[in-house]
Amino acid sequence: MYSKIQTTLTLRALHALLGLALCAVAAATLLAFSVAGHAAQPLDDQSFKQAQAAGKTILVDVTASWCPTCRQQRPIVEQIEKETPNLVVYEVDFDTAKDTLKRFRVQQQSTLIVFKGTKEVGRSIGDTDPARIRALVAQGF
């Protein structure tokens, strides 16, 4: 009788551990997908200048967490980023990066700027049309 109870308790403990392990795997997978879905990096001068010097196509996404237009642009930019591995995407926070905004002559959030190397080749403000945003990015290739 004691052995049967001990076996039952052991099996229940193993079952609980397996459930926890599966939850951990699911959480890690979701985290990986959420990070991979948004690979844009905050703009820093050194990496931006390196990407420019290498002649890369760069998309600068000026965004604000409170901006509804920015939230509409986000999935479009993320999809383009996934489909275009040689595109470098930098994110600029409209509320905190005032020096960067001045340097790029940006006056409002939801601004998208495309560079090919050191040359600005396109810009849009407040556009949420996927085809137009794709066409904007295509100007850098």
Side-chain angles (χ1 to χ4, degrees), residues 2-141:
Y2 176 75
S3 176
K4 188 175 181 181
I5 292 172
Q6 188 176 10
T7 301
T8 301
L9 289 174
T10 301
L11 287 174
R12 286 186 180 168
L14 287 173
H15 183 76
L17 284 173
L18 179 61
L20 286 173
L22 288 174
C23 285
V25 168
T29 302
L30 286 173
L31 180 61
F33 278 117
S34 68
V35 170
H38 181 59
Q41 54 189 308
L43 188 137
D44 73 86
D45 287 338
Q46 184 178 358
S47 65
F48 180 72
K49 287 178 182 176
Q50 287 174 346
Q52 284 186 310
K56 296 188 181 245
T57 300
I58 303 165
L59 174 63
V60 176
D61 180 7
V62 180
T63 186
S65 60
W66 48 265
C67 170
T69 303
C70 300
R71 282 193 293 272
Q72 286 182 291
Q73 288 176 334
R74 172 65 28 223
I76 300 163
V77 169
E78 287 175 354
Q79 187 61 39
I80 293 169
E81 190 175 14
K82 283 181 195 175
E83 296 168 355
T84 318
N86 50 349
L87 174 68
V88 179
V89 180
Y90 290 105
E91 192 171 280
V92 175
D93 186 296
F94 182 77
D95 295 319
T96 61
K98 297 302 181 187
D99 290 340
T100 304
L101 298 178
K102 284 180 189 174
R103 183 170 42 140
F104 289 131
R105 300 174 325 277
V106 171
Q107 296 183 356
Q108 69 183 67
Q109 72 284 353
S110 72
T111 298
L112 301 171
I113 309 168
V114 177
F115 291 86
K116 178 63 177 178
T118 59
K119 182 180 180 193
E120 180 179 327
V121 295
R123 179 182 291 237
S124 75
I125 301 168
D127 198 349
T128 58
D129 180 83
R132 286 194 302 262
I133 293 174
R134 286 179 186 285
L136 174 72
V137 171
Q139 292 178 40
F141 290 99

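Along the sequence shown, residues carry numbers from 1.
Screening I133, L87, V60, L59 against V114 for a side-chain contact (heavy atoms from CB on, under 4.5 Å) leaves a single residue, L59.
Judged as a salt bridge (Lys or Arg N to Asp or Glu O under 4.0 Å), the pairs with a partner in residues 42-57 (not counting sequence neighbours) are, in order, D45-R103. Residue pairs that meet the side-chain hydrogen bond (donor to acceptor under 3.5 Å, both in side chains) test with at least one member in residues 129-141, sequence neighbours left out, are E83-R134, D127-R132. Applying the ring pair (Phe, Tyr, Trp, His ring centres under 6.0 Å) rule to pairs touching residues 119-141 yields nothing, sequence neighbours excluded.
Of all the heavy atoms in S47 and Y90, the pair that sits closest is O-OH, 3.0 Å. The heavy-atom pair separating G122 from L136 by the smallest distance is C-CD1, 3.5 Å.
When the side chain to side chain donor-acceptor pair (under 3.5 Å) test is applied to R71, no partner is found at least two apart in sequence or on another chain. By the ring pair (Phe, Tyr, Trp, His ring centres under 6.0 Å) test, F104 pairs with F48, F115, sequence neighbours left out. Residues that satisfy the side chain to side chain donor-acceptor pair (under 3.5 Å) test with N86, not counting sequence neighbours, are absent from this structure. Remark: T118 engages Q52 in a side chain to side chain contact (heavy atoms under 4.5 Å, CB included) (not counting sequence neighbours). Under the rule for a side chain to side chain contact (heavy atoms under 4.5 Å, CB included), the partners of L101 that lie at least two apart in sequence or sit in another chain are V62, V92, F94, K98, V106. With sequence neighbours left out, the side chain to side chain donor-acceptor pair (under 3.5 Å) criterion links D95 to W66. Every residue two or more places apart in sequence or in another chain that forms a side chain to side chain donor-acceptor pair (under 3.5 Å) with E120 is listed here: R123. Not counting sequence neighbours, D99 has no partner by the salt bridge (Lys or Arg N to Asp or Glu O under 4.0 Å) test.
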* **Test log, rule side chain to side chain contact (heavy atoms under 4.5 Å, CB included), inputs T69 and Q109** => CA-CA 9 Å; T69 303; Q109 72 284 353; over 6 Å; no

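K119 contributes atom NZ, which lies 14.0 Å from atom CD1 of I58 (distance to the nearest 0.5 angstrom). For the atom pair C67 SG and Q73 CD, the distance stands at 7.0 Å (nearest 0.5 Å). Atom CZ of R74 is separated from atom CD of Q72 by 13.0 Å, given to the nearest 0.5 angstrom.
The number of heavy-atom neighbours closer than 6.0 Å to CD of Q107, taken from other residues, nucleotides and ligands shown, is 12 or below.
Without hydrogens or angle criteria, E91 side chain to T63 main chain gives no donor-acceptor distance under 3.5 Å.
Contact check for E78 versus V89: no side-chain heavy atoms found under the 4.5 Å cut-off.
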